[in-house]
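Beneath this line is the structure, given in structure tokens, with notes to follow.
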Amino acid sequence: MLDHSGSPSALHNPVLTWYDANKRVLPWREPGAGAWAVMVSEFMLQQTPVNRVLPAYQRWLERWPTPADLAAEAPGEAVRAWDRLGYPRRALRLHAAAQAIVDRHGGEVPDDHAALLALPGVGTYTAAAIASFAFGQRHAVVDTNVRRVLARSLTGVAQPTISPTVADQRLAVSALPTDETTAARWAVASMELGALICTARTPNCADCPIRSDCAWVLAGSPPYDGPPRRGQTYEGTDRQARGRLLAVLRAATTPVPKSTLDTTWPHARQRERALDGLVADGLVEPLANARYRLPG
DNA sequence: AACTCGTGGTA
DNA sequence: TTACCAAGAGT
């Protein structure tokens, strides 16, 4: 089943060929995109779909073509430019990462996995993704797409575990081609397969290049039988309240009186908790006279 | 280890 | 309509 010799296996070859013929044209995949472009895209793509990322990504790189350009700005400008991508702490971390790159790496995105991992907002997945996509290195790039592809094709189950496990990581490492160039191609190709064909809800197995070798298909495509996946409720949550508050501050060009913020959420206790949280996270800066703004 | 953290599209 | 889902990280 798995091939440890370094030559592409029955799994690898079809996926690599499929990728070359079916990959999406995305700006961060263009030959001259560079590591900063890859890094910006990876931050934005954390839990956010490609189609929503594209416009914000274009504006971001136009405004801040290098880490130094972003590092020279106020963090609040990063939060504002983040627009409605969600999880705005990512904008703050990307700004902090840009500063760290200027301070520690001469303004160049490091190519070393450990150095990448040490940057704010860069975890296991993002460090491997940048090292692989931008620098062609051999790393197991394990995101939700890859976990699903491996769960189906190798383990034979409909869905991966709810949260990543060490077993996922081991499986991804064992499936990684030995050759560096092939490994980098496999990383992006297996992820793209999960995004376009081996999707979460209704996979398009008819068009899958490895359907004849897929353990899940061979088992008769059994339905998911694990524990119920906890739904992410949003209506009425602190997150929604935070989103409302931050939307007002993003749109404002001058400091906003608290009385204005008070109109954005009806429940005072929750509203105060949300505002305090935003300040604690560094997303909002309190000023004198009960006024607030994005961090300067 | 479980929980928190946005937003919007899709079936 | 409700529920699920989307290139995770930090605590």
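Below, chains carry the letters A, B, ... as their sequence lines are ordered, and counting in each starts from 1. Please read these numbers as outputs of a predicted model, since none were measured by experiment.
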request  = Tell me which of A:Leu246 and A:Thr202 sits closer to the 5' end of DNA chain B, going by the nucleotide each one is nearest to.
outcome  =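 Taking each residue's closest nucleotide, the earlier one in sequence belongs to A:Leu246.
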On a whole-Å scale, what distance lies between the [atom1] atoms belonging to [N] and [M]?
N	M	atom1	value
B:dG6	C:dA3	P	22 Å
B:dG9	C:dA9	C1'	24 Å
B:dA11	C:dA7	P	15 Å

Starting at atom [atom1] of [X], determine the distance to atom [atom2] of [N], rounded to an integer number of angstrom.
X	N	atom1	atom2	value
A:Leu92	C:dT11	CG	P	12 Å
A:Leu45	B:dT7	CG	P	17 Å
A:Leu119	C:dG8	CG	C1'	15 Å
A:Glu42	C:dA9	CD	C1'	13 Å
A:Arg90	B:dT4	CZ	P	19 Å
A:Leu196	B:dT10	CG	P	15 Å
A:Phe43	C:dG10	CZ	P	8 Å
A:Tyr224	C:dA3	OH	P	17 Å

ask   = Between the side chains of A:Asp20 and A:Thr17, is a donor N or O closer than 3.5 angstrom to an acceptor N or O?
value =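 A:Thr17 and A:Asp20 do not have a side-chain donor-acceptor pair below 3.5 Å.
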query = Do A:Asp262 and A:Ser259 have a side chain donor and acceptor closer than 3.5 Å?
reply =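 Their side chains do not contain a donor-acceptor pair, so the 3.5 Å distance test is not met.
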For a quick test of reading the model: is some side-chain N or O of [X] closer than 4.0 Å to OP1 or OP2 of [N]?
X	N	answer
A:Tyr87	B:dT7	no
A:Gln47	C:dG8	yes
A:Arg52	B:dG9	no
A:Arg89	C:dT11	no
A:Arg242	B:dG6	yes

Do [X] and [Y] sit in one hydrophobic cluster, given that two such residues count as connected whenever their side-chain heavy atoms are within less than 4.5 Å of each other, even indirectly?
X	Y	value
A:Leu119	A:Leu70	yes
A:Val102	A:Trp64	no
A:Val40	A:Leu54	yes

query = So which one's nearest nucleotide on DNA chain C is more toward 5', A:Leu26 or A:Pro120?
reply =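 It is A:Leu26, whose closest nucleotide lies nearer the 5' terminus.
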Looking for any heavy atom pair under 4.0 Å, which part of the strands does [X] touch: base, sugar-phosphate only, or nothing?
X	value
A:Val122	sugar-phosphate
A:Trp28	base
A:Ser163	nothing
A:Gly86	base
A:Thr126	sugar-phosphate
A:Ala200	sugar-phosphate
A:Arg29	base
A:Arg273	nothing

inquiry  = Taking the minimum atom-to-atom distance to the side chain of A:Asp238, which one of B:dC5, C:dA9, C:dA7 wins?
reply    =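 Side chain of A:Asp238 sits closest to B:dC5.
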Under-3.5 Å donor-acceptor pair between A:Thr144 side chain and C:dG8 base =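 Looking at the base of C:dG8, it does not pair with any donor or acceptor on the side chain of A:Thr144 (distance under 3.5 Å).
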Side-chain donor/acceptor contact of A:Arg239 with base of B:dT7 under 3.5 Å =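 Result: no qualifying N/O pair found.
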ask   = Taking the side chain as C-beta and beyond, is there a heavy-atom pair between A:Leu246 and A:Arg250 under 4.5 Å?
value =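 Yes, at least one pair of side-chain atoms sits under 4.5 Å.
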task = With sequence neighbours excluded, give me every ring-ring contact (aromatic ring centres under 6.0 Å, His included) pair touching residues 77-105 of chain A.
result =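 Found A:Trp60-A:Trp82.
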